[in-house]
Number of protein chains: 2
Amino acid sequence: MPTRKLEKVVSLKEIKVACQACSLNEICLPVGMGETDLDRLDSIIDRKRPLARNDHLFRIGDPFQCLYAVRSGSLKTYATSEDGQEQVMGFHLPGELVGLDAIADGRHPLAAKALETTSLCEIPFADLEALSRQLPSLQHQLLRVMSQEIRADEQNMVTLGQKSAEERLASFLISLSSRFRRRGFSENQFNLSMSRSDIGNYLGLALETVSRLFTRFQNEGLLRVDRKHIELLDRARLCMFSSAKCSSSEEPRILRPNASS
Amino acid sequence: MPTRKLEKVVSLKEIKVACQACSLNEICLPVGMGETDLDRLDSIIDRKRPLARNDHLFRIGDPFQCLYAVRSGSLKTYATSEDGQEQVMGFHLPGELVGLDAIADGRHPLAAKALETTSLCEIPFADLEALSRQLPSLQHQLLRVMSQEIRADEQNMVTLGQKSAEERLASFLISLSSRFRRRGFSENQFNLSMSRSDIGNYLGLALETVSRLFTRFQNEGLLRVDRKHIELLDRARLCMFSSAKCSSSEEPRILRPNASS
DNA sequence: AAATCTTTTTGACCTGCGTCAAGGCAGGCA
DNA sequence: TGCCTGCCTTGACGCAGGTCAAAAAGATTT
């Protein structure tokens, strides 16, 4: 059955993909924008060369100039307490915006670091603000994205506030899986770009606990782990373990022509 | 001057203070707006009669039409899991906006319930969005407020993710104290409008733990508790306990002419 | 003022997970 | 090829804080 959707001509060789051609435009900032509006958004966006693993995109206290959208790869954001220990606040996949928490006072309250080779779109905030005044759909989408961020943080509070270690890791894996799926990747098989220590830190657990849980989940036939590679064998049961209403596979998903290896 | 009941005198309770005259306009949505802009914002805002204790402002899943600013009193927002147990996500004091997490998909993901008699400003979101397109300062402030919310949630993640019970409660009290101060109330003495159970739930602790900590803090001379009333005796030391850089009393504060009684 | 209900306090017990420690494994580099 | 370094796994142990239980202190109703 043919999709009623227009076929987009995507040049895979092109390094700097315009928003119009970007496979992420259905889940990124451009959601809900028309062709001509997209053009104008595209014109304020800058695409620099990719970050290498462990490069910082920005550090705590850096002046805020731009929002960033992840194009490929992944980032973690984290705070550091005065005694130098870090708290991982989030992991960011393609199509997600980073830096929204800096709007408040023009300084980044968190640092952002590449977990692997990562390319980004740089969006000067002043331009974005001005443009969104002219493009209602952009304005609306920006507010929506921020609202979603608030929601996601609320979810995290539930996870940290009242879930057991087991439930936390299960939730985390299900959430990652869904996010990969949404982006057109496999939902049952993926690579973790972050270390056990990052995961533990993010979930409020010791890395040893994370490690133990991975082996336990594997023994119970829920998944298979090999180093960074995760294969979910029983997503449904993992969902039960996470004690969350795992929105099943009904969500919109990006069509990704050559991702069905 | 004796108060007499005259036909033309509006009862105090029904006075609808315009944004221009509202003592909260320095910390609420109007921040940074000029007189005439304020007028226009004011014109879209509706002020209904107050909520009684335990009244719901909205429930989970309710369609999203309006944002609300607390004018007086306080609210809690909370989620409920399928098994019916609730997770308190936040407490909202005068000058704070509620409902920002509903913009994402037009439904409230949390319920909001009055902790005491609470009056609110109702702000139709569609109008706000339209108006903010015309008033850059309003647009900017809306984004700032949302960004602040994200930041606050990030703070909560740190609290839940890596603080001990003691540190959590200390952080909570310091944070409340600062927020009261900002609003022109005493920073060293205030009433908790929420129950121990709400506090515990919010902080990811059992209510028994909260209770024990209150008595412990009192025994250590940090504060005095009497039922709902809290008096901070040694804010500095409490700050140490919270292991957070407690921004001291240097922040802007609302002038409140007759609050010194 | 008695009766009932809710909230808070306090104690006793127990367990989930953090901490410490030691050893395994892979990848980078000489 | 072997060493080094960073990550991961596994075991042993202890404690912070959860759970259960009961009583005290308010609050609300009759």
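Nothing here was measured: the structure is a model prediction, and the numbers come from that model. Here is the naming used below: chain letters follow the sequence lines, and residue numbers restart at 1 for every chain.
- Using a 4.0 Å heavy-atom distance criterion, B/Gly200 is classed as making no nucleic acid contact.
- Look at A/Thr209 and you'll find a side-chain N or O under 4.0 angstrom from OP1 or OP2 of C/dG18.
- Note: A/Phe91 and A/Tyr202 meet the aromatic proximity criterion, with ring centroids under 6.0 Å apart.
- The base of C/dG18 has none of its N or O atoms less than 3.5 Å from a complementary donor or acceptor on the side chain of A/Arg212.
- A donor-acceptor contact under 3.5 Å is formed by the side chain of B/Glu208 with the base of D/dC20.
- Within the 4.0 angstrom heavy-atom criterion, only backbone atoms of the sugar-phosphate kind lie near A/Ser195; the bases stay farther away.
- Considering only side-chain N and O atoms, B/Arg196 lies under 4.0 angstrom from the phosphate OP1 or OP2 of C/dT9.
- B/Ser178 and B/Arg235 share a donor-acceptor pair across their side chains, judged by distance under 3.5 Å alone.
- Nearer to the 5' terminus of DNA chain C, by closest-nucleotide assignment, is the contact made by B/Ser197 (compared with the other of B/Ser197 and A/Ser164).
- In terms of phosphate contacts, A/Thr215 brings a side-chain nitrogen or oxygen within less than 4.0 Å of OP1 or OP2 of D/dT10.
- Within 4.0 Å of A/Leu205, counting heavy atoms only, lie sugar-phosphate atoms of the nucleic acid but no base atom.
- Taking atom CG of B/Asp198 as the reference point, atom C1' of C/dT6 lies 13 Å away to the nearest angstrom.
- In this structure, A/Leu169 places its CG atom 15 Å from C1' of C/dG16, rounding to the nearest Å.
- Contact annotation: B/Lys228 does not reach the phosphate of D/dG26 (side-chain N/O to OP1 or OP2, under 4.0 Å).
- Side-chain contact, B/His92 with B/Ser74: no donor N or O sits under 3.5 Å from an acceptor N or O.
- The distance between atom CD1 of A/Ile199 and atom C1' of D/dC8, rounded to the nearest whole Å, is 11 Å.
- With no hydrogens or angles considered, no side-chain donor-acceptor pair links A/Asp198 and A/Tyr78 at under 3.5 Å.
- Across all strands shown, B/Ala165 has heavy atoms under 4.0 Å from sugar-phosphate atoms exclusively, and none from any base.
- Following rounding to the nearest Å, A/Leu207 (CG) and C/dC17 (P) show an atom-to-atom distance of 15 Å.
- D/dG17 atom C1' lies 10 Å from atom CZ of B/Arg168, rounded to whole Å.
- The CG atom of B/Leu203 sits 12 Å away from the P atom of D/dG17 (whole-angstrom rounding).
- Using modelled atom types, no side-chain atom of A/Gln189 and backbone atom of A/Ser186 make a donor-acceptor pair closer than 3.5 Å.
- Each of B/Glu166 and B/Arg53 was matched to the nucleotide of DNA chain D holding its nearest heavy atom; the match closer to the 5' end belongs to B/Glu166.
- Nucleotide D/dT9 holds its C1' atom 13 Å from the CG atom of A/Leu213, rounded to whole Å.
- If you measure from atom CZ of B/Arg227 to atom C1' of D/dA24, you get 11 Å, rounded to the nearest angstrom.
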